[in-house]
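Each remark here refers to the structure printed beneath this line.
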Amino acid sequence: MSATTAHIHFHQPLQELLRSRNREPLQQIEFKDSQTIKHLVESLGIPHTEIGILKVMDSRIGFGYLVKSGDVVHVYPATAVQDRLSGLFKDGQMIIPPNFILDNHLGKLAGDLRMLGFDAGYSNQYQDQELAKSAIAQRRILLTRDRQLLMRKLIQYGYLVRSLNPDEQLLEVMERFNLHSDIKLFQRCMRCNHILEPVKKKEIQHRLEPLTNKYFFEFKICPGCQQVYWAGSHVERMMNRLAEIFPGKEIDF
Ligand SMILES: [Zn+2]
């Protein structure tokens with residue numbers, strides 16, 4: 001059987017993810033047998049979770065489309081307003097709660113998402129298989145820097161974290177899933193993901209440093225790890241950090 005030649009046009013920022021040194025938007029591909037567009041795009045290094053829309057001759061196609069000789073397939077990135085293929089958004093709204101599961105290199109990002117109130121499953125013990133299984137069974141959005149993990153067939157909701165910098169990672173995820181209006185600060189334990197509960201000061205007073213005991217009156221406790229939280233100087237530091245990461249965004253406490 002002779003080889004089939006087609007072109008794939010990658011719209012930014014997808015070009016940056018191409019594995020080849022040639023990162024021109026228009027990539028020529030040759031292949032034998034029939035191939036789906038999903039397979040071809042992933043073979044160039046881009047996980048299907050990063051793709052929002054696919055088009056041939058101005059018509060939308062799905063991942064299962066079999067690419068024909070002479071096709072020019074346009075591949076658009078998944079964004080909060082343009083994510084038709086994963087089915088995660090409908091009319092600009094996410095159809096599942098924004099719950100995440102993170103791979104074991106993203107501990108800082110997990111803590112930050114919890115700080116903002118998001119359910120962020122994380123353990124430095126998780127293996128790839130467990131991550132994929134939990135993402136699917138619990139309908140969580142898989143966050144990882146591992147492309148192979150996102151290319152697993154059953155992974156429907158995911159995001160390839162680009163930056164190595166924790167502040168930029170947080171910004172990436174907030175923007176990708178349009179989460180700014182869902183922030184609920186200090187509602188969730190940063191260590192273990194449990195929802196915090198109010199606790200009477202007298203119940204935890206014996207655990208407080210003298211200055212905390214003197215100046216603070218409202219406390220929360222994690223029912224999982226018993227960590228006590230209050231609006232101390234660490235809260236101010238975090239608010240300042242958030243103001244730097246999200247300039248111009250109002251974030252309520
Ligand atoms: Zn905890």
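Note: hydrogens, waters and symmetry copies are ignored here, and every other heavy atom, side chains too, is used. Residues take their numbers from the sequence shown, with the count starting at 1.
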Can you check whether [Y]'s main-chain N or O pairs, donor with acceptor, with [X]'s side chain at less than 3.5 Å?
| X | Y | value |
| --- | --- | --- |
| Glu197 | Pro223 | no |
| Arg84 | Gly52 | no |
| Arg191 | Gln227 | no |
| Arg19 | Leu44 | no |

After noting the C-alpha distance and the side-chain angles of Ile101 and Thr144, does the key distance pass the side-chain contact (heavy atoms from CB on, under 4.5 Å) rule? CA-CA 9 Å; Ile101 188 159; Thr144 177; over 6 Å; no
Say whether [X] and [Y] are linked into one hydrophobic cluster, either directly or through other cluster members, by side-chain heavy-atom distances under 4.5 angstrom.
| X | Y | answer |
| --- | --- | --- |
| Met115 | Leu143 | yes |
| Leu196 | Ile183 | yes |
| Ile51 | Val173 | no |
| Leu106 | Phe118 | yes |
| Ile155 | Val75 | yes |

Starting at [atom1] of [X], measure out to [atom2] of [Y] and round the result to the nearest 0.5 Å.
| X | Y | atom1 | atom2 | value |
| --- | --- | --- | --- | --- |
| Glu172 | Arg176 | CD | CZ | 11.0 Å |
| Met94 | Asp83 | CE | CG | 9.0 Å |
| Gln28 | Asn22 | CD | CG | 10.5 Å |
| Leu113 | Leu179 | CG | CG | 8.0 Å |
| His194 | Cys225 | NE2 | SG | 8.5 Å |
| Leu149 | Asp128 | CG | CG | 4.5 Å |

Any non-hydrogen side-chain atom of [X] less than 4.5 Å from a side-chain atom of [Y]?
| X | Y | value |
| --- | --- | --- |
| Pro25 | Phe10 | no |
| Lys201 | Asn213 | yes |
| Glu175 | His180 | yes |
| Leu242 | Leu185 | yes |
| Phe186 | Met238 | yes |
| Ile29 | Thr5 | no |
| Pro77 | His11 | yes |
| Tyr229 | Cys189 | yes |

How close do [X] and [Y] get, counting heavy atoms only, and between which atoms?
| X | Y | value |
| --- | --- | --- |
| Gly121 | Asn193 | N-ND2, 4.0 Å |
| Thr49 | Ala78 | O-CB, 3.9 Å |
| Gly62 | Ile37 | O-CG2, 3.4 Å |
| Asn178 | Ala80 | CB-CB, 3.6 Å |
| Pro247 | Glu244 | CD-O, 3.5 Å |
| Lys214 | Phe217 | O-CZ, 3.6 Å |

Could you give all pairs that pass the side-chain hydrogen bond (donor to acceptor under 3.5 Å, both in side chains) test and reach residues 162-171, with sequence neighbours left out?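 For residues 162-171, and leaving out neighbouring residues, the side-chain hydrogen bond (donor to acceptor under 3.5 Å, both in side chains) pairs sorted by first residue read Glu50-Arg162, Ser163-Glu168, Asp167-Arg241.
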side-chain contact (heavy atoms from CB on, under 4.5 Å) evaluation trace for Phe89 with Ile95: CA-CA 6 Å; Phe89 284 86; Ile95 60 153; over 6 Å; no
Within 6.0 Å of [atom1] in [X], more than 12 heavy atoms from elsewhere:
| X | atom1 | result |
| --- | --- | --- |
| Gln205 | CD | yes |
| Arg139 | CZ | no |
| Gln93 | CD | no |
| Arg152 | CZ | yes |

Linked hydrophobic residues, Ile53 as query - side chain contacts closer than 4.5 Å: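 Its cluster mates, by chain and number, are Tyr76.
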Show which residues join Leu208 in its hydrophobic cluster (side-chain heavy-atom contacts under 4.5 Å, direct or indirect), or state none.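 Reading the cluster by chain and number, Leu208 sits alongside Val199, Ile204, Leu211, Tyr215, Phe216, Phe219, Ile221, Val228, Trp230.
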Between Thr36 and Phe63, is a side-chain contact (heavy atoms from CB on, under 4.5 Å) present by the stated rule, with each step listed? CA-CA 7 Å; Thr36 64; Phe63 283 131; over 6 Å; no
Evaluate the criterion side-chain contact (heavy atoms from CB on, under 4.5 Å) for residue pair Leu26 and Val72; output intermediate values, then yes/no. CA-CA 9 Å; Leu26 194 63; Val72 180; 4.2 Å; yes
Output all residues satisfying side chain to side chain contact (heavy atoms under 4.5 Å, CB included) with His105, sequence neighbours left out; order by chain, then residue number.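 Once residues adjacent in sequence are excluded, the partners of His105 under the side chain to side chain contact (heavy atoms under 4.5 Å, CB included) criterion are Asp103.
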List the residues meeting side chain to side chain contact (heavy atoms under 4.5 Å, CB included) with Asn99, not counting sequence neighbours, and say none if there are none.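 Once residues adjacent in sequence are excluded, the partners of Asn99 under the side chain to side chain contact (heavy atoms under 4.5 Å, CB included) criterion are Pro97, Asp119, Arg140.
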Give me the one residue out of His39, Glu42, Lys153 that meets side chain to side chain donor-acceptor pair (under 3.5 Å) with His48.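 Per the side chain to side chain donor-acceptor pair (under 3.5 Å) rule, the option paired with His48 is Glu42, out of His39, Glu42, Lys153.
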With a cut-off of 3.5 Å and sequence neighbours excluded, list every side-chain donor-acceptor pair involving residues 54-61.
none

Worked check of side-chain hydrogen bond (donor to acceptor under 3.5 Å, both in side chains) between Gln27 and His7: CA-CA 6 Å; Gln27 299 276 321; His7 287 86; over 6 Å; no
Measuring centre to centre across the rings, with the benzene-like ring taken for any Trp, is Tyr159 within less than 6.0 Å of Phe100?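 Ring centres of Phe100 and Tyr159 not closer than 6.0 Å.
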For side-chain hydrogen bond (donor to acceptor under 3.5 Å, both in side chains), just list the numbers for Gln125 and Asn104, CA-CA rounded to whole Å, side-chain angles, deciding distance to a tenth of an Å, and then say yes or no. CA-CA 7 Å; Gln125 309 292 321; Asn104 51 20; over 6 Å; no
